[in-house]
Amino acid sequence: MSKQIIHTDAAPAAVGPYSQAVAVNGTKTVYLSGQIGLEPGTGDLVSENFDAQVRQAFANMKAVVEAAGGTLDNVVKLTLFLTDLGKFTAANAIMAELIPQPFPARSTVGVASLPKGAQFEVEAILVL
């Protein structure tokens, strides 16, 4: 897979660890369902702590990416869902730590609630 990062000064610069757009050449596109911070063994939230939930959600996403035959480098688009957009900066910092550069395209959405009382959810599109 080959990623081309799209950037223009005619649109606002990214306000976090993401690219304005990503163009790809690949053989297979995989659409991942959203992942929340559930422990795989129990199906329970890892913690009430926001940061712990974000880290677990990304770990769960990574496991699905690997099961599809990819790595985090294959992620071209992420969508983040937060029940509290006041925690946007914390989510950005964790994402910047876990997701390799060049960053994928990304959207962030504030939502009223998530399954099982989660505070964070991540979904992804990857190209293999």
Undergrad: Which pair of non-hydrogen atoms, one from L128 and one from G70, has the smallest distance, and what is that distance?
TA: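 For L128 and G70, the tightest heavy-atom pair comes out as CD2-CA, 3.5 Å.
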
Undergrad: Closest heavy-atom contact between N60 and P40?
TA: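 It is OD1-CG, 3.8 Å.
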
Undergrad: Which atom pair, heavy atoms only, marks the closest approach of P100 to D73?
TA: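 Nearest heavy atoms, P100 then D73: CG-OD1, 3.1 Å.
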
Undergrad: Rounded at 0.5 Å granularity, tell me how far CG in L32 sits from CD1 in I125.
TA: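 With rounding to 0.5 Å, CG (L32) is 9.0 Å from CD1 (I125).
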
Undergrad: Out of curiosity, does L80 fall in the hydrophobic cluster containing V64 (side-chain heavy atoms, cut-off under 4.5 Å, transitive links)?
TA: yes

Undergrad: Between M95 and V54, is any pair of side-chain heavy atoms under 4.5 Å apart?
TA: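 Side chain of M95 against side chain of V54, heavy atoms only: no contact under 4.5 Å found.
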
Undergrad: Just verifying a value: how many Å separate L78 CG and L126 CG, rounded to the nearest 0.5 Å?
TA: 10.0 Å

Undergrad: Go through the steps for I5 and V22 under the test side chain to side chain contact (heavy atoms under 4.5 Å, CB included), then give the verdict.
TA: CA-CA 5 Å; I5 302 303; V22 179; 3.9 Å; yes

Undergrad: Under 30°, 30 to 60°, or over 60°: which ring-plane class applies to F58 and F120, parallel, tilted or perpendicular?
TA: tilted

Undergrad: Could you measure the distance from the CD atom of E48 to the CD atom of Q119? Nearest 0.5 Å is fine.
TA: 7.0 Å

Undergrad: Count the heavy atoms belonging to other residues, nucleotides or ligands that lie under 6.0 Å from NZ of K3, then report whether that count exceeds 12.
TA: yes

Undergrad: Between L98 and L82, is there shared hydrophobic-cluster membership here, with clusters defined by ILVMFWY side-chain heavy atoms closer than 4.5 Å?
TA: yes

Undergrad: Grab the two heavy atoms, one from P17 and one from N92, that are nearest each other, plus how far apart they are.
TA: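 Closest heavy-atom pair between P17 and N92: CD-OD1, 3.0 Å.
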
Undergrad: Can you hop from F81 to V122 via hydrophobic side chains spaced under 4.5 Å?
TA: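 No, no single cluster joins them.
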
Undergrad: Are any non-hydrogen side-chain atoms of V46 and L38 less than 4.5 angstrom apart?
TA: no

Undergrad: Between atom OG1 of T83 and atom CD of Q53, what is the distance when rounded to the nearest 0.5 Å?
TA: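 Reported to 0.5 Å precision, the distance equals 8.0 Å.
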
Undergrad: Does anything in residues 101-128 pair up under salt bridge (Lys or Arg N to Asp or Glu O under 4.0 Å), and if so which pairs, sequence neighbours excluded?
TA: none

Undergrad: Side-chain heavy atoms nearer than 4.5 Å, only ILVMFWY residues, links allowed to pass through others: does that put M61 and V76 together?
TA: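 M61 and V76: separate clusters.
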
Undergrad: Are F50 and L85 connected in a single hydrophobic cluster, I mean Ile/Leu/Val/Met/Phe/Trp/Tyr linked by side-chain heavy atoms less than 4.5 Å apart?
TA: yes

Undergrad: Supply the atom-to-atom distance L72 CG to I99 CD1, rounded to the nearest 0.5 angstrom.
TA: 4.5 Å

Undergrad: Look up atom NZ in K77 and atom OH in Y31, then write down how far apart they are to the nearest 0.5 Å.
TA: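 If we round to the nearest 0.5 Å, K77:NZ and Y31:OH are 11.5 Å apart.
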
